[in-house]
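No hydrogens, no waters, no symmetry mates; every other heavy atom, side chains included, goes into these values. Quick note: residue numbers are just sequence positions, from 1.
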Amino acid sequence: MAKMNFGGVIENVTTREEFPLKKAQETLKNETIAVIGYGVQGPGQSKNLRDNGFNVIIGQRKGGATWDKAVADGWVPGESLFEIEEACRRGTIIQYLLSDAAQIEVWPKIKPYLTAGKALYFSHGFAITYKERTNIVPPKDVDVILVAPKGSGTSLRSMFLEGRGLNSSYAIFQDATGKAFDRVVALGIGVGSGYLFETTFQREVYSDLTGERGTLMGAIQGLLLAQYEVLRANGHTPSEAFNETVEELTQSLMPLFAQKGMDWMYANCSTTAQRGALDWMGPFHDATKPVFEKLYKEVANGNEAQRSIDSNSKADYRVKLEEELRQLRESEMWQTGAVVRKLRPENA
């Protein structure tokens, strides 16, 4: 573990140089990693672990679409693919990668198999941070650890196949064996992390829920839609409004400031763009910061978690969710986006 300076703040970071794959393999050579859930994170993490030489099995309900997906991905029923309870019985490390709602539902099946010395692994701090609401309380004699890749399971897998790594946070909630640090870092390296930075279960879920609702998805969609609507209301065509709002941002600018930073972007654009960006940065900051402060407060006090738990528990949740997603998908802005993407040179 190294001390790294991030803008004057010292943080604990573990890299592949300090904890190479060979060390991770040695650390977990006697462990069986049971991955429970094969939805968002399960496929990417399990396949990366398998390709990296770890002993991995999958626990999934038999007969469902995800069971068939696991079989298609090369997991063999009775050898590396089992019903959830059997996988938990066999596993010494149980990677609990079901959705937050499913974790609550399945927990009574999982808990009996958390015998002394095992490890319970999460990729999201929700269940433990809000344990009074989820009723997920692990036994005291197991390690409780977290590796949270900073991206989707699809990105984790595709970057692994490209020989790159997706950065992850890691946390230890409970170290019952004295091996929790080595276990969690070895797992982080095994799933394909670029580097691992230290957090807590609480900080992970607070930042994650804020990010998803903020600049990663909620805020960015709201901001893009607002600009698109203003351009359309003032006579700009759908393609012009989309290109100025989304296409230039995602295809031209984001790759550049991902590589070099927003400060570099400001220094390397036209003087007209520089002046406008510097002048309007403040008003946008001042307009949105109160919304982010309200959002963070709702996450921290548990209201946002409770809304998620309540909505997921309703019988018609999936139907209503699909309707909301349909409206988003069929909106003019994203219908225009579908046409624009087809016109990109690589698709021509």
K320 vs E323, salt bridge (charged side-chain N to carboxylate O under 4.0 Å, His left out): CA-CA, chis, key distance, verdict: CA-CA 5 Å; K320 290 183 176 179; E323 174 59 21; over 6 Å; no

Derivation of the salt bridge (charged side-chain N to carboxylate O under 4.0 Å, His left out) call for E322 and R326: CA-CA 6 Å; E322 286 303 318; R326 183 195 64 78; over 6 Å; no

Verdict with supporting geometry, Y206 and T129, side-chain contact (heavy atoms from CB on, under 4.5 Å): CA-CA 9 Å; Y206 284 10; T129 300; 4.1 Å; yes

Pair F181-I172, side-chain contact (heavy atoms from CB on, under 4.5 Å): steps then yes or no: CA-CA 7 Å; F181 176 80; I172 299 169; 3.9 Å; yes

Derivation of the side-chain contact (heavy atoms from CB on, under 4.5 Å) call for N301 and E298: CA-CA 5 Å; N301 65 21; E298 288 294 286; 3.4 Å; yes

side-chain contact (heavy atoms from CB on, under 4.5 Å) between F242 and M333, intermediate numbers included: CA-CA 7 Å; F242 187 87; M333 184 170 76; 3.9 Å; yes

Evaluation steps, side-chain hydrogen bond (donor to acceptor under 3.5 Å, both in side chains), between S123 and Q45: CA-CA 10 Å; S123 282; Q45 292 199 30; 2.9 Å; yes

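Separation of atoms CD (E229) and CG (L224) is listed at 11.0 Å; rounding is to 0.5 Å. Separating the OH atom in Y296 from the CZ atom in R213 is a distance of 13.5 Å, to the nearest 0.5 Å. How far CG of N312 is from CZ of R307: 13.5 Å, rounded to the nearest 0.5 Å. Here the CG atom belonging to L81 is positioned 9.5 Å from the CD1 atom belonging to I57, to the nearest 0.5 angstrom. If you take OH on Y228 and OG1 on T245, they are separated by 8.0 Å, rounding to the nearest 0.5 Å. Atoms OH and OG1, from Y170 and T14 in turn, are 4.5 Å apart once rounded to the nearest 0.5 Å.
The shortest distance between side-chain heavy atoms of L28 and I93 falls below 4.5 Å. Side-chain contact check for F160 versus L166: every heavy-atom pair is 4.5 Å or farther apart. Side-chain atoms of V56 and S80, non-hydrogen and from C-beta on, never get closer than 4.5 Å to each other. At a threshold of 4.5 Å between non-hydrogen side-chain atoms, the residues Q251 and R344 count as touching. Looking at K294 and V291, their side chains never come closer than 4.5 Å, going by heavy atoms from C-beta outward. Side chains of Q174 and I128 form no contact here, defined as non-hydrogen atoms less than 4.5 Å apart. Counting heavy atoms from C-beta on, the side chains of I84 and R61 come closer than 4.5 Å. Using a 4.5 Å heavy-atom cutoff, the side chains of E293 and K289 are in contact.
Across every non-hydrogen atom of S193 and L196, the tightest pair is OG-CD2, 3.8 Å. When all heavy atoms of Q103 and A127 are compared, the closest pair comes out as OE1-CB, 3.3 Å. Taking each heavy atom of A87 and I58 in turn, the nearest pair found is CB-O, 4.0 Å. Across F54 and A186, no two heavy atoms sit closer than the pair CZ-O, 4.3 Å. Closest non-hydrogen pair, K131 versus F173, comes out as NZ-CZ, 4.3 Å. Closest approach of I189 to P20, counting heavy atoms only: CG2-C, 4.4 Å.
For residues 143-164, every residue pair satisfying the side-chain hydrogen bond (donor to acceptor under 3.5 Å, both in side chains) rule, not counting sequence neighbours, is listed here: N48-R157, D51-R157, D143-T177, D143-R183, S152-S155, E162-R164. Counting only residues at least two apart or in different chains, side-chain hydrogen bond (donor to acceptor under 3.5 Å, both in side chains) contacts with residues 255-278 comprise R275-D279.
In this structure, E83 has no salt bridge (Lys or Arg N to Asp or Glu O under 4.0 Å) partners at least two apart in sequence or on a different chain. Under the ring-ring contact (aromatic ring centres under 6.0 Å, His included) criterion, Y130 pairs with F126, sequence neighbours left out. Judged as a salt bridge (Lys or Arg N to Asp or Glu O under 4.0 Å), and not counting sequence neighbours, the contacts of D73 are K47. E18 pairs by the side chain to side chain donor-acceptor pair (under 3.5 Å) definition with T15, not counting sequence neighbours. In this view, R232 and E332 satisfy the salt bridge (Lys or Arg N to Asp or Glu O under 4.0 Å) rule, not counting sequence neighbours. Annotation: salt bridge (Lys or Arg N to Asp or Glu O under 4.0 Å) contacts of K23 (sequence neighbours excluded): none. With sequence neighbours left out, T66 forms a side chain to side chain donor-acceptor pair (under 3.5 Å) with Q60.
Cluster partners of L223 are W280, F284, counting Ile, Leu, Val, Met, Phe, Trp and Tyr whose side-chain heavy atoms approach within less than 4.5 Å, directly or via other members. Cluster partners of V40, using a side-chain heavy-atom cutoff of under 4.5 Å among ILVMFWY residues and allowing indirect links: none.
Although no hydrogens or angles enter the test, the distance criterion places no donor-acceptor pair under 3.5 Å between the side chain of E212 and the main chain of M217. Looking at S311, its side chain does come within 3.5 Å of a backbone N or O of S308 through a donor-acceptor pair. Under the 3.5 Å distance criterion, the side-chain polar atoms of K118 are matched with a main-chain donor or acceptor of G91.
Under a hydrophobic clustering in which Ile, Leu, Val, Met, Phe, Trp and Tyr are joined whenever their side-chain heavy atoms come within less than 4.5 Å, directly or via other members, I36 and V144 fall into the same cluster. Residues F82 and V35 fall into different hydrophobic clusters, defined by Ile, Leu, Val, Met, Phe, Trp and Tyr side chains chained together at heavy-atom separations under 4.5 Å. Note on L249 and M265: same hydrophobic cluster, where clusters join Ile, Leu, Val, Met, Phe, Trp and Tyr whose side-chain heavy atoms are under 4.5 Å apart, directly or indirectly. There is a path of hydrophobic side-chain contacts, each under 4.5 Å, that joins M281 to L256. In the hydrophobic clustering of ILVMFWY residues, with side-chain heavy atoms under 4.5 Å counting as a link, V191 and L97 come out together.
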Under 3.5 Å donor-acceptor pairs involving side-chain atoms of residues 2-11, not counting sequence neighbours:
residue : atom : partner : partner atom : Å
K3      : NZ   : N12     : OD1          : 2.8
N5      : OD1  : G8      : N            : 2.7

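Of the N and O atoms on the side chains of E204 and T199, not one donor lies less than 3.5 Å from an acceptor on the other residue. Under 3.5 Å, the side chains of E31 and T92 contain a donor-acceptor pair of N or O atoms.
Using bins of under 30°, 30° to 60° and over 60° for the plane-to-plane angle, the ring pair Y96/F122 lands in the perpendicular bin.
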